[in-house]
*Asks:* 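Below is one structure. I have some questions about it.
Below, all heavy atoms of this structure are taken into account, side chains as well, without hydrogens, waters or symmetry copies.
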Amino acid sequence: MRDPDEIYTLTADAAGVPEGLHLVAGLTGFADAGGAVSQFTEYLLATLEHEVIAEFDADLLLDYRARRPIIYFDQDHLTDYQPPRLRLYLARDEIGQPFLLLAGFEPDFRWEQFTAAVLELVSRFTVSSTTWVHAIPMPVPHTRPIGVTVSGNRTDLIESMSVWRPHTQVPANALHLVEFRLQEIGAWTIGYVLLIPHYLADTEYPSAALSALESTSASTGLIFPTDRLREKNREFIGRIDEQVGDNPELAKLVGTLEERYDAYMEGNTLRSPLTDEDGALPSADEIAAELEKFLATRRGRDDGQQP
């Protein structure tokens, strides 16, 4: 395998990183239901003190034609090119506790080399544990707490937090491979899969970011500021509840999801919160189509148009 040092560069600030910190990671790319990971990492970088301690080489790791960066066209010239970033930060939580944050794009190429680089950084900084988050759409209602599927080798957190434990094959995220390799060497690692209402998967769902923050706190003890995000979530949920309440068909579909969810959480024999004994459940397309149609109607009213 190629040298892991080839794909990243340490900054001068790396020399001042204390040993034994938690590593928190979230990469955007393959799946990010509810904008959970992007909101999570952007919120941390926007609200916490931080500095870059390592930067990965996007030219080696990213398929630009699959995920084209954005450049701004200002009438007759180009401005404000924002290159994609994958960085390791030294950050401090709300009470000043330092931790490492790996954030940015998920690599398209050189997964083994990238994984070896992360493990090299884990060793260099004597990382105490690695926590990472991602999110997938599931047929669950927005009126119930966001559930998580927990992986890794923290059995205490798996037992106390993991609401769905499937036996299945899934398309991998690059951080799945990192978790797998960390487990092989006996390093503490935990992965959170946030189970996001599938009819909100294409939105920026603030509750998804809150769930990512709360889950990370559970495994690291880090304290994050959440007031601004909670207020944003209250406004978001208020709009959704209003729309669902005004649409009997959508309300019925969400009600069915609530019944399935509640039955599952009560510990009955259902294999998952997705289906009842007969396998009957409103499809993702049904719920998404109803919500999209109703949102379009509401937007028309807000713009002064007739529905």
Side-chain angles (χ1 to χ4, degrees), residues 1-32 37-38 40-42 44-45 48 50-71 80-92 98-134 151-153 170-192 216 220:
M1 181 174 40
R2 293 167 174 165
D3 186 350
D5 292 343
E6 177 184 321
I7 62 171
Y8 73 91
T9 304
L10 293 172
T11 70
D13 290 326
V17 175
E19 292 186 350
L21 302 184
H22 294 291
L23 170 61
V24 176
L27 304 181
T28 58
F30 174 66
D32 186 18
V37 176
S38 57
F40 170 62
T41 55
E42 288 169 9
L44 290 179
L45 293 173
L48 300 180
H50 63 273
E51 57 261 8
V52 178
I53 61 170
E55 177 142 14
F56 287 83
D57 190 338
D59 283 351
L60 295 176
L61 299 178
L62 183 68
D63 182 352
Y64 285 88
R65 292 190 299 173
R67 289 186 281 176
R68 295 181 183 272
I70 301 300
I71 195 165
D80 195 27
Y81 171 65
Q82 297 293 327
R85 303 290 192 190
L86 175 53
R87 289 170 163 174
L88 182 66
Y89 301 87
L90 174 62
R92 292 162 189 82
F99 68 99
L100 299 174
L101 174 65
L102 179 64
F105 63 83
E106 178 189 8
D108 293 305
F109 306 119
R110 303 194 183 191
W111 275 24
E112 288 287 0
Q113 191 179 15
F114 168 72
T115 298
V118 174
L119 266 65
E120 184 174 84
L121 291 166
V122 165
S123 176
R124 174 188 291 270
F125 298 120
T126 321
V127 166
S128 61
S129 74
T130 299
T131 295
W132 70 284
V133 296
H134 72 127
S151 60
N153 49 21
V170 296
N173 181 298
L175 290 176
H176 280 118
L177 182 57
V178 171
E179 178 185 313
F180 184 76
R181 298 294 186 221
L182 287 170
Q183 286 186 129
E184 287 185 326
I185 63 173
W188 290 114
T189 179
I190 186 126
Y192 293 111
T216 301
T220 63

*Asks:* If you look at every heavy atom in Ala187 and Asn153, which pair is closest and at what distance?
*Replies:*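 That would be O-ND2, 2.9 Å.
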
*Asks:* Ignoring hydrogens and angles, tell me if any N or O in the side chain of Gln113 forms a donor-acceptor pair with the backbone of Asp3 under 3.5 Å.
*Replies:*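 Yes, Gln113 side chain to Asp3 backbone: donor-acceptor pair under 3.5 Å.
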
*Asks:* First locate atom CG of Leu44, then atom OG1 of Thr216, and finally report the distance between them rounded to the nearest 0.5 Å.
*Replies:* 7.5 Å

*Asks:* Using a 6.0 Å cut-off, check whether atom CD1 of Ile70 has over 12 heavy atoms from anything other than its own residue.
*Replies:*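 Counting neighbours around CD1 of Ile70, 12 or fewer heavy atoms of other residues, nucleotides or ligands fall under 6.0 Å, so no.
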
*Asks:* With a 4.5 Å limit on heavy-atom distance, are the side chains of Leu62 and Arg67 in contact?
*Replies:* yes

*Asks:* Taking the side chain as every heavy atom from C-beta outward, state whether Val118 and Arg181 have any pair of such atoms under 4.5 Å apart.
*Replies:* no

*Asks:* Could you check whether any side-chain heavy atom of Val52 comes within less than 4.5 Å of a side-chain heavy atom of Arg85, counting everything from C-beta outward?
*Replies:* no

*Asks:* Would you mind checking if Glu51 and Arg92 are paired as a salt bridge, meaning a charged N to carboxylate O distance below 4.0 Å?
*Replies:*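 Yes, this pair counts.
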
*Asks:* Specify the closest pair of heavy atoms between Ile53 and Leu100, including all atoms of both residues, with the distance to one decimal.
*Replies:* CD1-CD2, 3.5 Å

*Asks:* With heavy-atom distances below 4.5 Å as the criterion, would you say the side chains of Pro69 and Pro84 are in contact?
*Replies:*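 In contact.
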
*Asks:* Can you find a pair of side-chain heavy atoms, one from Ser129 and one from Ile190, that are under 4.5 Å apart?
*Replies:* no

*Asks:* Under a 4.0 Å N-O cut-off, is there an ion pair linking Arg2 with Glu112?
*Replies:* no

*Asks:* First locate atom CH2 of Trp132, then atom OG of Ser151, and finally report the distance between them rounded to the nearest 0.5 Å.
*Replies:*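 Between atom CH2 of Trp132 and atom OG of Ser151 there are 6.0 Å.
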
*Asks:* Hey, does Leu101 have a side-chain heavy atom less than 4.5 Å from the side chain of Leu45?
*Replies:*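 Of all side-chain heavy-atom pairs linking Leu101 with Leu45, at least one is under 4.5 Å.
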
*Asks:* How many angstroms lie between atom OG1 of Thr126 and atom CG of Leu121, to the nearest 0.5 angstrom?
*Replies:* 11.5 Å

*Asks:* Go through Leu102 and Thr130 one step at a time and tell me if the side-chain contact (heavy atoms from CB on, under 4.5 Å) criterion holds.
*Replies:* CA-CA 10 Å; Leu102 179 64; Thr130 299; over 6 Å; no

*Asks:* Once you round to the nearest 0.5 Å, how far does CH2 of Trp188 lie from OG1 of Thr220?
*Replies:*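 Atom-to-atom, Trp188:CH2 and Thr220:OG1 are 15.0 Å apart.
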
*Asks:* Can you name the nearest heavy-atom pair linking Ala54 to Thr11, along with the distance?
*Replies:* N-CG2, 4.2 Å

*Asks:* Just so I know, are the side chains of Leu90 and Phe125 near enough to count as touching, which here means a heavy-atom distance under 4.5 Å?
*Replies:*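 Leu90 does not reach Phe125 side chain to side chain.
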
*Asks:* Output the distance between atom NE2 (His22) and atom OG1 (Thr131), rounded to the nearest 0.5 Å.
*Replies:* 7.5 Å

*Asks:* I need the Leu119 CG to Phe114 CZ distance, nearest 0.5 Å.
*Replies:* 10.0 Å

*Asks:* Looking at side-chain heavy atoms only, is the closest gap between Leu61 and Phe105 below 4.5 Å?
*Replies:* yes

*Asks:* Look at the aromatic rings of His50 and Tyr89 and report parallel, tilted or perpendicular, splitting at 30° and 60°.
*Replies:* perpendicular

*Asks:* I'd like to know if the side chain of Asp57 and the backbone of Ile7 have a donor-acceptor N/O pair within less than 3.5 Å.
*Replies:* no

*Asks:* To check you understand the geometry: which heavy-atom pair defines the closest contact between Phe56 and Ala117, and what is its length?
*Replies:*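 Where Phe56 meets Ala117 most closely, the heavy atoms are CE2-CB, 3.9 Å.
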
*Asks:* If you take all heavy atoms of Ala174 and Thr115, which pair is closest and at what distance?
*Replies:* O-OG1, 4.4 Å

*Asks:* If you take all heavy atoms of His134 and Val37, which pair is closest and at what distance?
*Replies:* CA-CG2, 3.6 Å

